[in-house]
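Labels below follow one simple rule: chain letters A, B, ... track the order of the sequence lines, proteins then strands, and each chain is numbered from 1. Heavy atoms only: backbone and side chains are in, while hydrogens, waters and symmetry mates are out. Treat the numbers as computed from the prediction; the structure is a model and nothing was measured.
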There are 2 protein chains.
Amino acid sequence: MRPVTVYDIAREANVSVATVSRVLNNTAPVKKETRERIVALMHKYQFQPNALARSLTRKETGMIGFILPDITNPFFPEVLSGFDYEARKLGYTYFLCDTISTNEENERLYDRQYERESQYLSLLMEKQVDGIVMIGGRVDLAKPDPELTRELEEVAKRVPVLLLNGSLPKTKLNRVSADQKFGAELAVQHLIDLGHRDIAVIGGYSKMTNTQQRLSGFRSAMKDAGLAVRKEWILTEGFSVPKGQEFAAKLLSAKRRPTAIFCMNDLLAIGALKAAHRAGIRVPEELSIVGYDDIPQATYSIPELTTVSLMSQEIGRQAARTLDKMIAGKKVPLFQSIMPELVVRETTAPLSGTNFQ
Amino acid sequence: MRPVTVYDIAREANVSVATVSRVLNNTAPVKKETRERIVALMHKYQFQPNALARSLTRKETGMIGFILPDITNPFFPEVLSGFDYEARKLGYTYFLCDTISTNEENERLYDRQYERESQYLSLLMEKQVDGIVMIGGRVDLAKPDPELTRELEEVAKRVPVLLLNGSLPKTKLNRVSADQKFGAELAVQHLIDLGHRDIAVIGGYSKMTNTQQRLSGFRSAMKDAGLAVRKEWILTEGFSVPKGQEFAAKLLSAKRRPTAIFCMNDLLAIGALKAAHRAGIRVPEELSIVGYDDIPQATYSIPELTTVSLMSQEIGRQAARTLDKMIAGKKVPLFQSIMPELVVRETTAPLSGTNFQ
DNA sequence: TCTATATGTGAAACGGGTTTCATTATGGCT
DNA sequence: AGCCATAATGAAACCCGTTTCACATATAGA
């Protein structure tokens with residue numbers, strides 16, 4: 001059962017395909033009577049224009065590639081859903097490109113991930129996407145392999161590319177990112193306002209831009225308050241719940257322990273919560289914890305997480321809007337910053353014994 | 001900067017486009033020397049074949065449409081990641097079609113959702129996808145609007161359609177689903193084995209197939225054990241954390257309260273956990289809770305959830321494999337069942353005072 | 001009445017590949 | 001030497017829309 005084409009319609013309507021195309025796209029006036037005849041036939045046969053053929057001539061597909069590192073990490077569905085919302089309104093459809101790559105022990109293989117990104121980049125170009133948005137992976141690297149960056153720049157010459165929540169230093173690639181440093185300052189300042197002086201920070205990967213920026217926010221907030229940062233209270237290399245639990249357990253079992261922990265994401269904070277629970281330390285009475293990202297799960301825990309909202313949905317929305325403009329050839333700012341917001345819930349409280357509020 | 005085409009390559013290599021196509025696809029022997037000349041040019045110009053043009057003639061795109069109700073619900077990323085894993089290996093790329101539709105109060109609008117599904121169905125056909133997989137939405141309806149079903153059947157005539165985790169009664173549409181009844185039996189039987197006799201069940205939507213099936217599993221397990229099911233201990237219409245909290249709070253504040261709650265998904269279970277905590281009831285000592293789905297978050301809670309794993313990743317993988325076969329025109333079973341597994345963690349314990357084990 | 005402009009339409013080229021069919025060159029075998 | 005299978009290649013058609021260009025007709029303004 002061959003699908004019906006404009007030719008079929010044209011033949012039966014006794015017109016040329018050009019006319020059919022015209023009613024299809026409203027691109028030139030068609031006599032009312034002719035139009036009706038054609039429309040009727042289209043309905044009769046449930047005609048559906050072949051998007052491939054259309055895109056081939058139009059040189060636009062309405063398709064976008066969305067490259068992310070791991071859909072299973074609840075942060076990404078959040079930004080994706082914001083992106084989806086806006087992209088749909090703008091008439092785009094998108095390929096989801098997950099670059100996660102794990103070995104048997106379910107550990108992340110970074111090199112494979114970058115390789116996947118490259119494969120997807122090239123695949124998406126073949127598919128003639130109108131634009132590409134990329135989050136995580138190489139985009140997060142503070143010192144990216146020049147080769148990886150070069151490739152991205154090469155792609156960006158041919159099709160609009162938008163980087164989310166990262167920063168490739170020294171490149172001219174468009175970005176929309178949360179202000180990570182500001183977000184960290186927000187979190188740490190909150191802790192300081194509550195009277196905490198012994199603040200630890202856990203998680204992140206030292207090679208990632210966002211980690212470095214958050215760390216820098218942490219340091220600057222501490223410095224402004226005249227507080228010392230203790231090197232042994234900065235535990236990095238990890239972003240998962242188990243890692244958070246591990247880090248926090250280490251912190252909490254030491255002779256001297258912090259009264260507050262700033263976690264590089266909510267997953268870590270949830271892990272920290274578990275560690276505190278295991279250690280019999282009450283949150284927030286004896287230990288304040290603040291997370292980062294404000295994923296939905298932040299409200300699932302007991303107590304609910306105080307955290308920094310990166311406005312993940314908003315990042316996604318902004319991404320869609322910006323990419324659309326880039327595709328349309330409009331000018332957009334090279335860099336757009338989204339301001340995080342502090343969400344105070346139940347895991348933070350004034351330092352016990354004091355009453356700063 | 002017009003992208004280079006086979007014509008450009010052909011001209012410079014002094015061959016016809018047919019020959020270029022042949023080296024591109026290895027579809028007929030080409031003299032070694034000629035081949036090398038062409039390959040060299042391809043590299044020189046970083047030639048990337050236009051997938052649209054290719055698909056137009058080949059009548060296959062390597063594209064799949066994946067329709068789901070809400071990527072923000074952690075169950076779906078699990079399924080999706082399994083699907084992604086396998087689909088990528090098989091050389092497919094897929095459009096993510098999220099049909100969620102909410103009003104200002106962030107409430108789900110079902111009718112709009114079905115409408116979205118229809119839009120996507122038609123859009124995907126225009127895009128010439130090789131196949132469609134669909135999960136949630138109308139697929140979950142026990143008594144679907146005949147019109148919705150008819151549409152699906154119409155689509156399935158033109159392109160392979162695979163339904164996940166649902167059942168449209170009386171249709172000949174291919175499906176792969178977890179055995180929901182069996183899963184529920186597993187959960188309830190576990191509770192019964194622990195000595196519980198007063199078992200409540202919360203969540204789900206009474207109009208959904210999976211809810212009905214799980215309920216039927218619950219009932220059959222209760223009946224086999226000679227236990228009565230109390231109508232006021234079956235609270236439905238909801239799948240979220242707040243709903244779980246609400247349902248559980250109601251249950252726990254009654255004069256007579258259950259000693260165990262079977263939740264229709266993990267989100268509800270997390271909500272129940274919160275309600276118990278608020279009510280000062282210890283889990284699992286005073287109340288056992290079992291969830292359903294085994295989303296990653298099931299291990300984030302304190303205590304960790306005992307739950308029924310639907311093998312979500314496995315469902316996704318199976319979907320990809322099956323759809324691939326359907327696309328290839330191979331025969332596949334109309335219905336494939338995936339067996340859930342019970343995952344015992346920390347929210348269930350023997351009924352206090354007894355020691356059944 | 002005669003341009004000027006808008007309306008209505010078709011033929012043909014185009015987009016960038018693949019595939020069929022025909023043709024020539026080549027090698028192996030009797 | 002003669003024949004056949006295979007290698008190697010090109011011309012042209014095809015996939016299914018869109019777009020350009022040309023042309024005919026109609027309407028309006030001068």
Side-chain angles (χ1 to χ4, degrees), chain A residues 1-39 41-42 45-63 122-123 125-130 158-159, chain B residues 1-39 41-42 45-63 122-123 125-130 158-159:
Chain A
M1 191 163 66
R2 192 176 52 75
V4 326
T5 69
V6 282
Y7 289 89
D8 301 319
I9 303 285
R11 194 178 329 107
E12 193 158 338
N14 269 311
V15 295
S16 74
V17 290
T19 302
V20 177
S21 177
R22 283 190 267 256
V23 340
L24 208 50
N25 303 294
N26 244 301
T27 162
V30 173
K31 207 204 292 178
K32 194 179 169 207
E33 180 188 305
T34 315
R35 148 171 281 115
E36 280 165 1
R37 191 152 29 103
I38 292 172
V39 168
L41 284 168
M42 284 177 170
Y45 293 116
Q46 305 207 68
F47 170 71
Q48 282 180 312
N50 183 323
L52 297 177
R54 167 174 295 166
S55 298
L56 187 55
T57 40
R58 287 233 190 122
K59 286 168 179 307
E60 69 176 44
T61 55
M63 306 188 308
S122 142
L123 180 65
M125 298 198 57
E126 289 189 11
K127 298 275 184 196
Q128 311 297 121
V129 294
D130 289 343
R158 310 201 141 272
V159 45
Chain B
M1 192 163 65
R2 191 176 54 74
V4 325
T5 70
V6 282
Y7 290 89
D8 301 319
I9 303 285
R11 194 179 327 107
E12 193 158 338
N14 269 311
V15 294
S16 74
V17 290
T19 303
V20 176
S21 176
R22 283 190 268 257
V23 340
L24 209 49
N25 303 294
N26 243 301
T27 163
V30 173
K31 207 203 294 178
K32 196 180 167 207
E33 181 188 304
T34 315
R35 149 171 281 115
E36 280 166 0
R37 191 152 29 104
I38 292 173
V39 169
L41 283 169
M42 284 178 170
Y45 293 116
Q46 305 207 68
F47 170 72
Q48 283 181 311
N50 184 322
L52 297 177
R54 167 174 295 166
S55 298
L56 188 55
T57 41
R58 286 233 190 122
K59 289 170 178 308
E60 69 176 45
T61 55
M63 306 187 310
S122 142
L123 181 66
M125 298 198 57
E126 289 189 11
K127 298 276 182 194
Q128 311 297 121
V129 295
D130 289 343
R158 310 201 139 271
V159 44

Just the endpoints, please: which first and last nucleotides of DNA chain D, 5' to 3', lie under 4.0 Å from a heavy atom of chain B?
D:dA7 to D:dC16
Counting the atoms with a prime plus P, OP1 and OP2 as sugar-phosphate, which does B:Val20 contact under 4.0 Å by heavy atoms, base, sugar-phosphate, or nothing?
nothing
Assign each of B:Val17 and A:Ala53 the nucleotide of DNA chain D bearing its closest heavy atom; nearer the 5' end lies the nucleotide of B:Val17
Describe, as an angle rounded to 10 degrees, how the axis at the first end of the helix from C:dT1-D:dA30 to C:dT30-D:dA1 is tilted relative to the axis at the last end, five pairs per end.
40°
At a heavy-atom distance below 4.0 Å, what parts of residues 24-34 of chain B sit against DNA chain C?
B:Leu24, B:Asn25
Checking B:Glu12 against B:Val4 for the side chain to side chain contact (heavy atoms under 4.5 Å, CB included) test, could you report, in this order, the C-alpha distance in whole Å, the side-chain angles of both residues, the deciding distance, and whether it holds?
CA-CA 11 Å; B:Glu12 193 158 338; B:Val4 325; over 6 Å; no
Tell me the interatomic distance from A:Gln128, atom CD, to C:dG15, atom C1', rounded to whole angstroms.
10 Å
Rounding to a whole Å, what distance do you find between B:Arg54:CZ and C:dG15:P?
19 Å
In whole Å, I'd like the distance from the OH atom of A:Tyr7 to the P atom of C:dG10.
14 Å
Would you indicate what A:Ser21 reaches in the nucleic acid, counting non-hydrogen atoms under 4.0 angstrom: base, sugar-phosphate, or nothing?
base
When we call it a touch if two heavy atoms are under 4.0 Å apart, what does A:Asn14 touch: a base, just sugar-phosphate, or nothing?
sugar-phosphate
Please report, rounded to the nearest Å, how far the P atom of C:dG16 is from the CD atom of A:Glu126.
15 Å
Return the value, rounded to whole Å, for the distance between atom CZ of B:Arg58 and atom P of C:dG16.
17 Å
Calculate, to the nearest 0.5 Å, the distance between atoms CG and NZ belonging to B:Asn50 and A:Lys127 respectively.
10.5 Å
Looking only at heavy atoms, the pair that brings A:Asp8 and A:Pro3 closest together is OD2-O, 4.0 Å
Measure the distance from CD1 on B:Ile9 to C1' on C:dT18 and round it to the nearest whole Å.
16 Å
Can you tell me how far CG of B:Leu24 sits from CZ of B:Arg35, rounded to the nearest 0.5 angstrom?
10.5 Å
Between C:dT19, C:dG10, C:dG16, which nucleotide gets closest to the side-chain atoms of B:Asn50?
C:dG16
Taking for each residue the nucleotide of DNA chain D with the nearest heavy atom, is it B:Arg37 or B:Thr57 whose nucleotide lies nearer the 5' end?
B:Arg37
Between atom CZ in B:Arg22 and atom C1' in C:dG16, what is the gap in whole Å?
17 Å
